[in-house]
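What follows is a short report on a single structure.
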There are 2 protein chains.
Amino acid sequence: MVKKTSDSGPTSDPESFARAKTLVHRIVAERHDRPSLVAEIACEVGAEIIEGIRPPGSDLNSVELSKRFSTSRTPIREALMLLEKEGLVDVPPRKRPRVAVPDLQDIREIYRARAALFELIAADVARSVTEEGLARLRAHFAEMQAAHRAGDVSAFVWSNVDFYDQNTLLANNRTVKRILDSLLLRTARLRRLSLSQPGRMARSCDDHARLLKAYEDRDATLAAALIRSNHINALAALEAFLAGEAEAARA
Amino acid sequence: MVKKTSDSGPTSDPESFARAKTLVHRIVAERHDRPSLVAEIACEVGAEIIEGIRPPGSDLNSVELSKRFSTSRTPIREALMLLEKEGLVDVPPRKRPRVAVPDLQDIREIYRARAALFELIAADVARSVTEEGLARLRAHFAEMQAAHRAGDVSAFVWSNVDFYDQNTLLANNRTVKRILDSLLLRTARLRRLSLSQPGRMARSCDDHARLLKAYEDRDATLAAALIRSNHINALAALEAFLAGEAEAARA
DNA sequence: ATGTGCTTAACTGTCGACAGATACAAACAC
DNA sequence: GTGTTTGTATCTGTCGACAGTTAAGCACAT
């Protein structure tokens, strides 16, 4: 059963949902130039997963979805396969598809893989970045700061996504971009949790300021080290949050 | 049209084809515990692509494939989507599916991404490897040496795949393993070309001997640096080969 | 020979239906 | 109250068909 976005909890508002949908579209429907039925379904359902409207482990009934989108089950199956490819959905053979349930090991692995790949592209960016590229990075950083001052976690998360997107764009590396996009999707729901911890946004702003400085100095080694530690910090914060949540659940 | 393996050129023999099929199966049908129609089709077609029986850019007619496998087009479409997910096939919307054509930039990106991720896991392996793990790595290395002495490029390639597989296994990192497997698939056809260059197998043996030594010494930093340079070397050799081939094509 | 427009055959996306597998629920045993 | 079996409703995998789109072939002009 799908909850309407109108009664969404603190994890989803219409604006954030729209951003989530755009993100899924960019990643999942990358090459689908024309509006495609399958892509539309995948984006909608994917955004619902990212925004927490469909919690991990919940059923993705293809009959129900086909009614909702007024199609047959064939496009639904394809859309679910697209989302499975991005790690958002589990489609075990002959069993009911479900929203993927990432465990702690998955999360650690994803953050570490992201760290390693961002190291690679940060070094490339530091070497080749133009003044225009720097300006774009600064703009996204400014958005992050503004969201921080406003205490708007959701806006902060999306500005942060934009910032890293700009990095992958500047590195001009399609393969790594694809992989990072996919990994991003799988942690999109968790990022907000991590950043909602007190002091986390401030810390993240500091980290990104230092990274920006390294880019300005064209210091590839430092940029790589910084972007790596940014991710390790984010992972630590997320682990702390999840540990606290597990504690709370026990009480 | 599908060529039979019996009239295959130097890029495919039945044994190598079987290995290729097993590889595709492991990656593409990872969680399909039961023998599945879709997985079977994907493995067969994927192996044909890797082995060069279906050259890059050739058509993958779903009607023809459905006749060949005696199924309807639905499982064929799913199998092609699985292979697209691994980068072996291009399925543009409303157009004919084709075998993917990796360009030079793709190849560079894939090798560099592989280098970055193998760096990550090599460090982990060096820190945590047991004597049993080392024994397995040595066994695969011995196979590589044997293939080198026998001048059997195909056997060398597959032993090399086993060696790296053992690395990802020892690192116990499912996420990175998945990514590396996927990247491996896309370059599987090219590895043989690279390694068929004179002196390349000898060089690769030397590189792997050093890596093994670093593991024995539990030297994470050195292991990471070595596995990285192994990949950079392999890329350089491949680029040299492709440049030579382009030259030959022009003449 | 080369390029251009039309015709037509072939292919893809989507559909509704059916067979077989799965998971839920109720009845039953302990 | 708990665990096990059985029955049933629901879901998935696959199919053949149809409509709309693509591209290959052919005639014709340059």
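Labels below follow one simple rule: chain letters A, B, ... track the order of the sequence lines, proteins then strands, and each chain is numbered from 1.
Spacing between atom CG of A:Leu65 and atom P of D:dT10 amounts to 17 Å, rounded to whole angstrom units. One atom, CD of A:Glu78, and another, P of C:dT12, lie 12 Å apart when rounded to the nearest Å. Straight-line distance from the CZ atom of A:Arg96 to the P atom of D:dT10: 11 Å, rounded to whole Å. Between the CD1 atom of B:Ile76 and the P atom of C:dT14 there is a distance of 18 Å, given to the nearest Å. Rounding to whole angstrom units, CD of residue A:Glu84 and P of D:dT12 are separated by 14 Å. Remark: C1' of D:dT14 and CZ of A:Arg73 are 10 Å apart, rounded to the nearest angstrom. Spacing between atom CG of B:Leu82 and atom P of D:dG13 amounts to 12 Å, rounded to whole angstrom units. The CD1 atom of A:Ile41 sits 12 Å away from the C1' atom of C:dG13 (whole-angstrom rounding).
Counting only heavy atoms from C-beta outward, the side chains of B:Glu86 and B:Ile27 approach each other to under 4.5 Å. Looking at heavy atoms from C-beta onward, A:Asp165 lies in side-chain contact with A:Val161 at the 4.5 angstrom threshold.
Contact annotation: B:Asn61 side-chain N/O to C:dC11 OP1/OP2 distance is under 4.0 Å. Taking only side-chain nitrogens and oxygens, B:Ser62 never comes nearer than 4.0 Å to OP1 or OP2 of C:dC11.
When distances run from any side-chain atom of B:Arg77 to the nucleotides C:dC11, D:dC11, C:dG13, the shortest one goes to C:dG13. The side chain of A:Pro75 lies closest to C:dC15, out of C:dC11, D:dG16, C:dC15.
Taken to the nearest 0.5 Å, the OH atom of A:Tyr111 stands 5.5 Å off from the CZ atom of A:Arg191.
Between A:Thr74 and A:Pro97, the residue anchored closer to the 5' end of DNA chain D is A:Pro97, taking for each the nucleotide with the nearest heavy atom. Both A:Ser72 and B:Val63 lie near DNA chain C, and the one whose nearest nucleotide falls closer to the 5' end is B:Val63. Mapping A:Ser70 and B:Leu60 onto DNA chain C via the closest heavy atom, the residue that lands nearer the 5' end is B:Leu60.
Under the 4.0 Å criterion applied to side-chain N and carboxylate O atoms, B:Arg174 and B:Asp181 are not assigned as salt-bridge partners.
Among B:Glu51, B:Glu48, B:Glu40, the one residue that satisfies the salt bridge (charged side-chain N to carboxylate O under 4.0 Å, His left out) test with B:Lys21 is B:Glu40.
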